[in-house]
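Below: one structure, written as structure tokens.
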2 protein chains.
Amino acid sequence: MATNRQRKTRADGERTRRAILHEAVRLATLDGLEGLSIGNLADALGMSKSGLYAHFGSKEELQLAVIDEAGGIFRAEVIDPAIAAPPGLGQLVAVCDAFFDHLKRRTLPGGCFFAGAILEMGTRPGRVRERVSAFQADFLRLLRSFAAAALDREELPADEDPELLAFELNGIILAANARFVLSDGADGLGVARTATRRRLGLASDARAAATWDSV
Amino acid sequence: MATNRQRKTRADGERTRRAILHEAVRLATLDGLEGLSIGNLADALGMSKSGLYAHFGSKEELQLAVIDEAGGIFRAEVIDPAIAAPPGLGQLVAVCDAFFDHLKRRTLPGGCFFAGAILEMGTRPGRVRERVSAFQADFLRLLRSFAAAALDREELPADEDPELLAFELNGIILAANARFVLSDGADGLGVARTATRRRLGLASDARAAATWDSV
DNA sequence: CCTACCGATCGGTAGG
DNA sequence: CCTACCGATCGGTAGG
């Protein structure tokens, strides 16, 4: 069978593609989606520029694939753990804690990919901007749905507004990322965890908050 | 007097310098501090690249001057109005509202200069990063001092923590900027104003919040 | 996936 | 402030 004689299988290509994208997401959190250059990425991977063009036809196609890869990482490290938590209030705490863990784990050297991508691409019309915007909209929708579930279960005061709560928790997340990037360390994530609990009306264990930073 | 025969006075040079920097800050909110190129800036000003090098010896010197100029704009539009407000709680509301006005006024096309600069330069060691970091630290200190004053005046519950409150208000500000950049409009600043008031325990006038967006 | 190349643009300099 | 230039790097292509 002729189709089996190829030296590189489709699976090999897929594996290479994933390896390229993972490195590209890492570099993009340091240099931005525009600052990410094909030459730099090729050097980091020990391959040639034209090798990258064989996988992605243009820089824009690479950027779109990088956004999807970053979305997969975010889903695996932040969203999936939250969905697995107890519905309602439990998911609201879990999604924030999972985000802080995502930072502390340093999967990506420059902190949250999307926090940076929103500000970098937000003013540049095009497919890249729309892809980033759609991911952020999905995330805010998820926060709102967790908040609505918590309200249904009467785990929050009846006059709470899911839209407002989602906005504020997103703010705590962005402030935590900014602090993480500037301090170049997990210092100060304790205050983010305390802020999350205060906003949700949960007891903020002062002893635990103090140790979070040193973990 | 030989010193008076020069055709261009020092004041002329200073005026040119300010014109360069104002345009540079605007461009930097669209392309970032690294994406800001000497060639682009020279074209936008109708002058030559070497004309810019006469004012700033290197790109890093230009970036540092741009940060100072952006700091001046932020002080004039956000910090000074807040300091002029009634001490304590009044200043906390005023600084957030002044920030939202700063966005709505569209002084800078890409939203808040520092929100972007923190994420772009936070992972690039050097003088530029330190300058941006110092400005953000000063701003957080200002928020903390307003919060401490409000506590002293018993305008906030006695168990409030100025550090925590400053962190959360900074988060609301960052979330408002992200929403502004993505929506490319002032839509949605109403929820930021409502969030500010809710956090500070103030009555959030629903009618007023609804009209804020349409103003 | 490679080498070898394209025109455009980058930050920066020489000399005026 | 200008023209004219430098080497390096940009995104992308030809041809294999």
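A, B, ... follow the sequence lines: proteins, then strands. Residue 1 opens every chain.
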Nearest to the side chain of B/Ser37, heavy atoms from C-beta on, is which of C/dG11, C/dC2, D/dC1?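 From the listed options, C/dG11 comes nearest.
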Which part of the nucleic acid does B/Leu36 contact within heavy-atom distance under 4.0 Å: base, sugar-phosphate only, or nothing?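 Sugar-phosphate, no base atom in range.
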How would you label the contact of B/Leu62 with the nucleic acid (heavy atoms, under 4.0 Å): base, sugar-phosphate, or nothing?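 Since no nucleic acid heavy atom lies under 4.0 Å of B/Leu62, the category is nothing.
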DNA chain C contacts made by residues 116-123 of chain B, counting heavy atoms under 4.0 Å: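 Residues of residues 116-123 of chain B under 4.0 Å from DNA chain C: none.
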Stem regions touching DNA chain C, defined by at least 3 consecutive Watson-Crick or wobble G-U pairs below 3.5 angstrom: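 Ordered by first number, the stems with DNA chain C (at least 3 consecutive pairs each) read C:1-16 with D:1-16.
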Who are the salt bridge (charged side-chain N to carboxylate O under 4.0 Å, His left out) partners of [X], not counting sequence neighbours?
X	answer
A/Asp31	B/Arg124
A/Arg18	A/Glu69
A/Asp101	A/Arg193

Find out whether [X] and [Y] are in side-chain contact, i.e. whether some heavy atom of one side chain is under 4.5 Å from a heavy atom of the other.
X	Y	value
B/Leu92	B/Leu169	yes
B/Ile172	B/Phe100	yes
A/Phe180	A/Lys104	no
A/Glu61	A/Arg127	yes
B/Leu27	B/Leu41	yes

Would you confirm whether the ring centroid of B/Phe74 sits within less than 6.0 angstrom of the ring centroid of B/Phe139?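 When the ring centroids of B/Phe139 and B/Phe74 are compared, they turn out to be within the sub-6.0 Å range.
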Interatomic distance where [atom1] belongs to [X] and [atom2] belongs to [N] [whole Å]:
X	N	atom1	atom2	result
B/Phe56	C/dG11	CZ	P	14 Å
B/Glu34	C/dT9	CD	C1'	16 Å
B/Gln63	C/dG11	CD	P	9 Å
B/Arg15	D/dC1	CZ	C1'	16 Å
A/Leu52	C/dC1	CG	C1'	10 Å
B/His55	D/dC2	NE2	P	9 Å

Just by distance, do the side chain of A/Lys59 and the backbone of A/Glu34 share a donor-acceptor pair under 3.5 Å?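 It does hold such a pair.
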Among B/Leu52, B/Ile67, B/Ile38, exactly one meets side-chain contact (heavy atoms from CB on, under 4.5 Å) together with B/Leu62. Which residue is that?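 For B/Leu62, the side-chain contact (heavy atoms from CB on, under 4.5 Å) check succeeds only for B/Ile38.
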Pairs under 3.5 Å (N/O, protein and nucleotides 12-16 of chain D):
unit_1, atom_1, unit_2, atom_2, d
D/dG12, OP2, A/Tyr53, OH, 3.2
D/dG12, OP2, A/Lys59, N, 2.6
D/dG12, O6, A/Lys49, NZ, 3.0

